[in-house]
Amino acid sequence: MSDEDMSHLREIERCVLWIASWTIHNANHLRVTGDNEVKVGGHQASSASMATIMTALYCQALRPEDRVAVKPHASPIFHALQYLAGHQTLEKLENFRGFGGAQSYPSRTKDNDDVDFSTGSVGLGVAQTLFSSLVQDYVIHHGAMDAEKAGRMVALIGDAEMDEGNIYEALFEGWKHDLRNCWWIVDYNRQSLDAVVHEGLFQKFEDMFRSFGWDVVVLRHGRLQEAIFAKPGGDVLRKWIEQCPNQLYSALTFKGAQSWRERIGQDIKDHAQTLSLIEALSDAELEEVMGNLGGHDLPSLTEAFAQARAHDRPTLFICYTIKGHELPLAGHKDNHAGLMTPTQIDIFRKRVGVREGHEWDKWEASSLKASELQDVIDKAPFFTKGKRAFTAPKIAIPETLPLSQTRGKPTSTQAGFGQILNNLGKADSELARHIVTTAPDVTVSTNLGGWVNHRGLFARKSKKDTFRDHKIPSTFNWASSPSGQHIELGIAESNLFILLSALGLSHAINGARYLPIGTVYDPFIYRAADQMNYACYQDARFMLVATPSGVTLAPEGGAHQSIGTPLIGMAQDRMAYFEPAYVDELAVIMRFGLEFMQRDAKAGNVSENGLDDDSGGSVYLRLSTRPLEQIKRDMTPELEENIINGGYWLRKPGPNARAVIAYTGAVAPEAIEAVGLMGEDVRDIGLLAITSADRLASGWSGAQKLRQERDVSACAHVEKLISCVPKDAAIITVCDAYPTTLSWLGSVKGHKTRALGVERFGQTGSIAELYNYYGLNAEGIARATEEIAPGHPIRLARRT
Ligand SMILES: Cc1ncc(C[n+]2csc(CCOP(=O)(O)OP(=O)(O)O)c2C)c(N)n1
Ligand SMILES: [Mg+2]
């Protein structure tokens with residue numbers, strides 16, 4: 001890089017730091033008025049820490065095909081860079097952290113300035129880049145991207161963020177899958193939110209990453225420091241800096257030149273040559289030198305990034321920085337949420353040469369001509385292509401999915417899922433080619449084995465199945481190749497969700513759409529609920545198949561039984577939760593799901609049934625291992641629609657019904673039996689099959705909102721269903737989950753309701769024993785009905 005180019009970058013960095021600092025100041029001191037208003041957040045120090053690194057990246061090192069997960073609190077720096085490059089509006093910056101303004105943490109869905117990956121929950125964006133690199137390789141090996149078009153997947157990471165365990169879970173998986181094209185850049189400011197981080201952390205990172213095959217580049221000293229070290233006596237200063245404890249370095253940075261002089265003078269009093277080097281510096285120069293760590297030195301950064309561009313090995317950059325660099329908050333251990341006072345920002349404004357009233361002028365903090373700097377940033381490779389998000393055409397989904405003839409054999413929804421995928425895997429189709437499956441070491445036990453036998457495991461380098469080669473009989477083919485369509489993961493559920501997040505964004509990140517299907521044991525959704533939420537937050541599209549579930553997995557015991565997961569499914573935005581009982585329902589739901597996953601979030605338009613279906617989302621299928629007698633019936637378009645909308649009457653209540661039983665999932669036989677037991681005495685009793693409590697509930701809420709907005713024709717599916725239930729009848733709901741999943745049904749039209757379900761940790765036992773214990777068996781349902789249904793006591797029919 002020429003000296004002129006470097007001085008342009010320095011000027012841009014200055015402007016970036018100013019705009020970012022002003023954005024935060026504006027949000028807190030100017031926009032927020034009134035004594036009672038809470039300040040909306042500082043993070044000026046956390047942002048400043050990254051100003052140099054991000055200037056070097058965005059204005060020099062990155063290419064349009066690269067994708068970045070920005071450290072959450074560097075959001076103002078990101079928005080400032082995009083503003084300077086013309087991709088962010090003044091209005092959004094003025095409204096930073098406000099309603100509709102630029103987001104506190106970069107958001108793919110809410111920001112308008114080309115965010116690649118959302119961040120916020122620390123650690124997750126980091127793993128996202130690793131799995132996105134693996135997905136990029138999947139795309140290349142499946143012929144949907146030229147190998148030369150591969151980008152670097154880059155994570156900008158706070159050093160305290162590196163405490164998040166999910167990063168190391170991902171690191172293992174990256175090593176297993178031959179990770180490449182991934183850069184993790186640590187902002188090593190040695191400060192966390194609360195305090196100063198442990199000594200010697202960088203050494204641990206270095207050792208660990210090297211052992212996983214990463215290149216590790218430590219940027220400790222900038223060019224100014226190196227220049228002094230090269231002088232006689234300089235080596236003593238280097239040693240002093242390198243041995244200075246983190247806390248002390250931070251404290252001296254905060255206190256400034258006089259304190260540096262005193263402390264260094266005291267520690268190296270016997271080294272006259274070194275002392276004279278320090279004495280030769282003015283106060284400002286001394287502060288500049290001590291702040292000239294690798295992460296604040298543009299020449300060191302640009303050179304290190306250029307070197308890493310020459311190969312595709314995963315690379316960890318440890319960049320020494322100072323939290324709050326260039327600001328009066330620099331180095332103070334309490335500066336995380338710190339804000340410059342109006343007086344401090346005023347001093348800073350004058351120091352960078354910004355005139356009052358010109359704070360938002362793009363290049364005001366530089367003495368160079370605005371057009372010159374604008375030209376530099378416009379020509380930076382990263383910005384030359386404008387916005388970089390792709391779209392990809394939809395994958396055609398056939399009218400029906402291939403279900404096997406079960407010949408009257410009882411079948412579980414989990415087995416049905418296995419059959420459908422097995423049948424899809426057998427034949428060639430556009431759909432089958434675009435499905436990618438993944439599981440955290442539960443491929444076989446969640447019934448994905450058949451599909452994997454047909455489609456194989458994915459790996460960049462082929463690996464044979466030794467058991468096959470030795471002709472040892474085995475049900476499963478475990479050979480890997482670059483054309484495989486199943487990505488096998490270790491047990492870490494966190495990785496499953498982040499991989500689903502990466503696969504489910506491939507249409508936008510790589511311009512190649514896939515239909516990811518991931519399986520997991522339902523209870524372990526808790527293990528990675530944050531990752532699941534993160535994937536949905538950034539609008540990744542995937543199908544989650546969670547099985548087995550509930551207490552129905554009976555002998556597996558309480559540790560594996562999930563109780564609250566339907567509530568997670570219902571509460572999760574951009575994800576529809578389904579819990580079918582029968583395999584024909586499952587086939588309809590999967591077909592719908594694969595199409596639903598491909599709808600465009602921007603289409604958003606709530607229809608008259610209260611569902612925002614146009615914008616689609618991910619799908620969560622809560623499936624069971626319990627084989628159920630299947631209902632022999634034809635799948636009519638009407639039934640199909642009801643299944644998708646969330647429920648249908650298996651037996652419509654008559655005009656004199658005293659009670660209605662509503663169930664979801666594997667407890668169907670008990671609900672049916674209960675209706676049979678009571679049916680003679682309670683003639684008109686109804687039986688409502690619920691395939692999606694989530695869609696029934698959100699449609700209900702949506703329709704009410706529409707009516708509030710005077711759309712009187714709005715009517716939810718559940719409102720239509722319940723409209724035939726006589727006013728005084730009771731509703732008894734049954735599910736293998738926390739009862740609140742369905743208890744709200746009574747509120748739709750004001751029916752008295754008793755909600756049955758599971759409220760305590762499960763036990764081991766048979767299904768019959770457990771259903772009896774929780775009152776989910778037919779007698780339990782009948783007793784609950786009797787308790788609340790109006791009229792005389794119910795006589796139960798004799799069981800045959
Ligand atoms: C999962 C999660 N836990 C906690 C937080 C709150 N939090 C935000 S940043 C942060 C640590 C800041 O330290 P570091 O990562 O070193 O960033 P720095 O501000 O020093 O650059 C914490 C605890 C969060 N955002 N996400
Ligand atoms: Mg830090």
Side-chain angles (χ1 to χ4, degrees), residues 579-582 584-585 609-610 628-629 631-634 636 638-693 695-697 699-700 703 715-735 739 741-757 775-797 799:
E579 188 160 352
Y582 298 105
D584 60 352
E585 296 170 352
N609 66 4
L628 301 190
E629 211 73 66
I631 303 174
K632 289 189 188 69
R633 58 184 167 186
D634 290 328
T636 61
E638 190 196 347
L639 179 56
E640 213 166 283
E641 195 183 326
N642 287 337
I643 289 169
I644 290 165
N645 285 337
Y648 61 94
W649 287 108
L650 256 180
R651 175 175 160 156
K652 209 167 177 173
N656 298 315
R658 291 160 58 194
V660 155
I661 312 295
Y663 75 88
T664 194
V667 291
E670 282 63 32
I672 293 170
E673 194 189 341
V675 166
L677 285 180
M678 295 183 282
E680 271 184 26
D681 195 35
V682 192
R683 271 181 204 288
D684 276 357
I685 190 165
L687 180 60
L688 184 62
I690 293 176
T691 47
S692 175
R695 285 172 59 79
L696 287 186
W700 177 40
C715 184
H717 183 57
V718 71
E719 291 171 323
K720 285 184 193 149
L721 286 172
I722 302 277
S723 65
C724 66
V725 179
K727 203 165 112 295
D728 295 328
I731 299 180
I732 293 83
T733 67
V734 198
C735 59
T741 308
L742 296 178
S743 62
W744 55 272
L745 272 175
S747 307
V748 177
K749 297 278 178 193
H751 292 95
K752 195 170 179 186
T753 302
R754 170 85 168 91
L756 303 178
L776 301 178
N777 55 356
E779 282 83 2
I781 297 169
R783 275 199 305 276
T785 311
E786 190 173 46
E787 222 277 291
I788 67 159
H792 61 77
I794 299 172
R795 264 180 297 112
L796 301 187
R799 302 177 96 167

Measure the shortest side-chain to side-chain distance between [X] and [Y] over non-hydrogen atoms and say whether it is less than 4.5 angstrom.
| X | Y | answer |
| --- | --- | --- |
| Leu639 | Arg633 | yes |
| Tyr582 | Ile643 | no |
| Leu650 | Ile631 | yes |
| Asn642 | His717 | yes |
| Ile644 | Arg695 | yes |
| Tyr648 | Thr691 | yes |

So which heavy atom on [X] is nearest to which on [Y], and how close?
| X | Y | result |
| --- | --- | --- |
| Leu628 | Pro669 | CD2-CG, 3.5 Å |
| Leu756 | Gly780 | CD1-O, 4.3 Å |
| Ala657 | Pro726 | O-CG, 3.7 Å |
| Asp681 | Pro793 | OD2-O, 3.5 Å |
| Ala797 | Gly676 | CB-O, 4.1 Å |
| Ala789 | Ala730 | CA-CB, 3.9 Å |

Identified side-chain contact (heavy atoms from CB on, under 4.5 Å) partner of Ile794 from the options Arg783, Glu786, Glu680: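 Single side-chain contact (heavy atoms from CB on, under 4.5 Å) partner of Ile794 among Arg783, Glu786, Glu680: Glu786.
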To the nearest 0.5 Å, what is the distance between [atom1] on [X] and [atom2] on [Y]?
| X | Y | atom1 | atom2 | result |
| --- | --- | --- | --- | --- |
| Leu742 | Ile690 | CG | CD1 | 4.5 Å |
| Lys720 | Asn609 | NZ | CG | 6.5 Å |
| Ile661 | Leu687 | CD1 | CG | 7.5 Å |
| Lys749 | Ile722 | NZ | CD1 | 9.0 Å |
| Thr785 | Leu677 | OG1 | CG | 10.0 Å |
| Leu776 | Ile781 | CG | CD1 | 7.0 Å |

Side-chain donor or acceptor of [X] paired with backbone N/O of [Y] under 3.5 Å:
| X | Y | result |
| --- | --- | --- |
| Trp700 | Glu719 | no |
| Thr664 | Cys735 | no |
| His751 | Val725 | yes |

Check against side chain to side chain contact (heavy atoms under 4.5 Å, CB included), Leu796 and Met678: CA-CA 5 Å; Leu796 301 187; Met678 295 183 282; 3.7 Å; yes
Of all pairs that satisfy salt bridge (charged side-chain N to carboxylate O under 4.0 Å, His left out), the ones with a partner from residues 649-671, not counting sequence neighbours: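 Qualifying pairs, neighbours excluded: Arg626-Glu670.
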Set of residues satisfying side chain to side chain donor-acceptor pair (under 3.5 Å) with respect to Asp684, sequence neighbours excluded: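 Side chain to side chain donor-acceptor pair (under 3.5 Å) check on Asp684 returns nothing, list empty.
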Leu721 vs Asn645, side chain to side chain contact (heavy atoms under 4.5 Å, CB included): CA-CA, chis, key distance, verdict: CA-CA 11 Å; Leu721 286 172; Asn645 285 337; over 6 Å; no
